[in-house]
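A quick write-up on the structure given underneath.
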Amino acid sequence: MRTVARPSRAGIWNRFSASDPGLLRLMAGLRTVGAVALALAVLGVLGADVAQMVPGATTAMVATFAIKEKQRREQARTLALGLPVAVVAMSLGALLSSHVVAGDVCFIALIFVAVYCRRYGDRGTALGLIGFQVYFISLFLGAGPAALPGLYATLVIAFACSAVARFVLVAETPERVLTRLRKAFRARVAQLVSAQTELLDAAPDGVEDALDDVRLHTARLHESAMMIQNRLEEGTSDSASASLLQRRIADAEIAAERLGLLILTARSAESADTLALHLPHAPLPAPGDRLRAQDETTAILHRDLDALRLLVTRPSSAGDGAGMAQLRNRLLGYRDEENLPRAPAAVQDVFRGIGETARAALGLRLALDGPEDESDDSPETTRSREELDAEDVAIVAEVEQDEPHPRGLDRPTTRAAVQVSVGSALAIVGGELLFPQRWYWAVLTCWVVFLNTSSTGEILVKGYRRLLGTVLGVIAGVALAGVVGDHPWTAFALVLLFIFAMYFTAPVSYALQSFFVTAMLGLLYTVLNTYSSAVLVLRIEETALGAACGVIAAALVLPVPTDRRTDELLATVLTRLGDVSGAAVEQLSGGIALDLLDKARDLDAALDDLRSSTKPLTHPITPWRARRQTARYIVALLETCAYHARSLAATAELVPYSGTVAADPRLKLAGSRISHNIEVLVARVEDDAGDGVAETGPSLASMLEPQEPESPRHDRVTGRVLRHLQRLDEGVIGLARPLGVRISTPDKRASPSGAR
């Protein structure tokens, strides 16, 4: 029984770690709970009353979650600076508590400074957040000048407990975080391979559901890859190691994503469109019979997909043995034509995809775990190692590029500071009219709906989610207040549980976070003997008021309409798509291009920003269904184009030292058409220029037919490069239609397109 249970526990832990890459949410929750619990314990030992425990616990929580810097030294500096900021904020709140107008003006000024400080990076954001939250705590407690000495001591204890929790109890280093992210990436690759196996087995009426699962795990793999790339500089010893790991992560992601497309194609009567991997409910190719459930080839595919999953997840330190070496040799052997089984071409492509994914897994193992025993290597494995070694030599350090920054009111932090200040002023006036003693809840809501938002639509959706979470939290708070009664330590234990849940669920669902916040506040009111159902109902009203004030301020003061914001980000994505594809084609055609994978990473980051900005347009409450469908279609097309651009970039980096991928000058002809079309799309989005025409014509493969039938293999571009270029060309043309760009063909120079 024990031998059966162990793999089960390991599998559960792997699934959990893959759902929380690097355990970042788990550690953030534990760190915050540890700081709060330690503060409560110290204050309890010192005999502090409840009126001190509540601000102590809350300040410890704020001082812990506000700091986002990755280096421990920088975290310590920000924490040290946060204490005087907290003291000043608490002093202002207490001293101005009896001066209504002066207190309100000071609060608005503090809000403006706190938001404006975000321009100074993580430290400015953290100090602004600490200042705002501690001032809010003083309002929540109704603290006066007489209470300041005790509150000062409480602040010192809270910050000390936060430091102990951060640097001792739940100590984190960039290297440790990156190590966990690597493990999570491996787990997510394995999960994607498992989902692809399910796609292989799915019945005809279950293909769509299986493909949805593949899409989900593909998106999660990409999320994990982006998180690793954001941690590379701090978590590796030098820039060369960071570049090497970045390359290996990108290779593994591209190979694993491509394998899913090949499996879908093998299950179909014709080639599957890449868009099927990125757009739910996209038209699927007609089912085919090239793979049968009882076919011997299908059984071999099952065996090799299981072997691939094992190869990905098993670290070298576990000890490979002869069995793992044979497994690796067999999978890498599929990179040679003579080792492919007799099967239709589409099925053979799946085996080739398994071989390429195994090669990417080998590169990932070497980058993460170091050199391996090579005594049992086959010739195919030896060749793969030599290729990987040659790539390692060619890797160069990352080069930072300066980009222009907006100034004045065009700077997002300045604009947000003005908007939040106006919205908070409205919330103060409305809150005073609604209930003078609890008006600060409206200000808090107005503050939080502006956090991490960039457009009016995002603020509206966030306000709606906060209101929903608050309503549900009030219901839970009413129930818990009756259970807790006069047991403060039981209430504090539940508060700790809700704090952990609040920070663990924050990146997943803002509505859930708001639910736990409101339920926790109900418990705190109970502890302070100020609880009543009317107070929690008032919180709903104040939350609705604050959200409304935030939306009004965002819509009327220096507004950033969702359409404008998405257009700006769309233009950025298209520009970076042009940069990646242009640089890749330059190197594939014999030129020199630097930092290809860095450009691909910038493209992915811009696409993630665009995806977030379109959520208001694709949210279920959006009444404009046509716009919702158009936004989803555009984002899916861009994801498809980004996939092919990443693949081209990865292939282009092989040109200088690969024996199978050679430069072909004729590729410039294909690249010029793609570049022209992207420029037309950018002009349309940025300037609303309607005179640009996207060019179409013969397929890129036909444009690049070799001029001499006997042209040697190394003078020709591989079929994979041509396929990626062709799909990228089709994707860019597909974007022209929803963006309202005219499309020309050799037979028809200007055809009208769909409305934007």
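No experiment lies behind these values; they were computed from the predicted model shown. When a residue number appears, it is its place in the shown sequence, counting from 1.
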Any donor and acceptor pair, going by atom type alone, linking the side chain of [X] with main-chain N or O of [Y] inside 3.5 Å?
| X | Y | value |
| --- | --- | --- |
| R72 | E172 | yes |
| R466 | T445 | no |
| S613 | L610 | yes |
| S224 | L221 | no |

Electrostatic pair [X]-[Y], nearest N-O below 4.0 angstrom:
| X | Y | result |
| --- | --- | --- |
| R220 | E223 | no |
| R215 | D212 | yes |
| D608 | R611 | yes |

(request) Classify the ring geometry between F500 and F504 as parallel (under 30°), tilted (30 to 60°) or perpendicular (over 60°). (result) parallel

(message) Parallel, tilted or perpendicular: which one describes the rings of F516 and F498, with boundaries at 30° and 60°?
(response) tilted

From [X] [atom1] over to [Y] [atom2], what is the distance, rounded to the nearest 0.5 angstrom?
| X | Y | atom1 | atom2 | result |
| --- | --- | --- | --- | --- |
| S612 | L607 | OG | CG | 9.5 Å |
| L574 | L735 | CG | CG | 6.5 Å |
| L127 | D122 | CG | CG | 11.0 Å |
| S138 | F107 | OG | CZ | 8.0 Å |
| L494 | I499 | CG | CD1 | 11.0 Å |
| T78 | L83 | OG1 | CG | 13.0 Å |

Identify the two heavy atoms, one from [X] and one from [Y], that lie closest to each other, and give their separation to 0.1 Å.
| X | Y | result |
| --- | --- | --- |
| A571 | E686 | CB-CG, 3.5 Å |
| M61 | T32 | CG-CG2, 3.6 Å |
| A642 | D604 | CB-OD1, 4.4 Å |
| L43 | G56 | CD1-CA, 4.0 Å |
| I130 | A66 | CG1-CB, 4.0 Å |
| V134 | L155 | CG1-CD2, 4.5 Å |

(request) For the pair V443 and I111, evaluate side chain to side chain contact (heavy atoms under 4.5 Å, CB included) and give the outcome as yes or no after the intermediate values. (result) CA-CA 10 Å; V443 179; I111 288 171; 3.6 Å; yes

Is there side-chain contact between [X] and [Y], with at least one heavy-atom pair below 4.5 Å?
| X | Y | value |
| --- | --- | --- |
| F167 | L79 | yes |
| T414 | Y116 | yes |
| I137 | L151 | no |
| V177 | M27 | no |
| P55 | F140 | no |
| V449 | V551 | no |

(request) Take V420 and F112 through the test side chain to side chain contact (heavy atoms under 4.5 Å, CB included) and record every step on the way to the result. (result) CA-CA 7 Å; V420 176; F112 178 88; over 6 Å; no

(request) Evaluate the criterion side chain to side chain contact (heavy atoms under 4.5 Å, CB included) for residue pair L110 and L92; output intermediate values, then yes/no. (result) CA-CA 10 Å; L110 177 64; L92 289 173; 5.8 Å; no

(message) Evaluate L81 against V85 for side chain to side chain contact (heavy atoms under 4.5 Å, CB included), listing each step before the verdict.
(response) CA-CA 7 Å; L81 292 172; V85 170; 5.5 Å; no

(message) Using the side-chain contact (heavy atoms from CB on, under 4.5 Å) definition, which of the options L556, V557, I108, I552 pairs with V422?
(response)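 The passing option is V557.
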
(message) Pair T64, S162 - check side chain to side chain donor-acceptor pair (under 3.5 Å), show working.
(response) CA-CA 6 Å; T64 304; S162 175; 2.9 Å; yes

(message) Exactly one of R166, R123, K68 should register a salt bridge (Lys or Arg N to Asp or Glu O under 4.0 Å) with E74. Which one does?
(response) R123

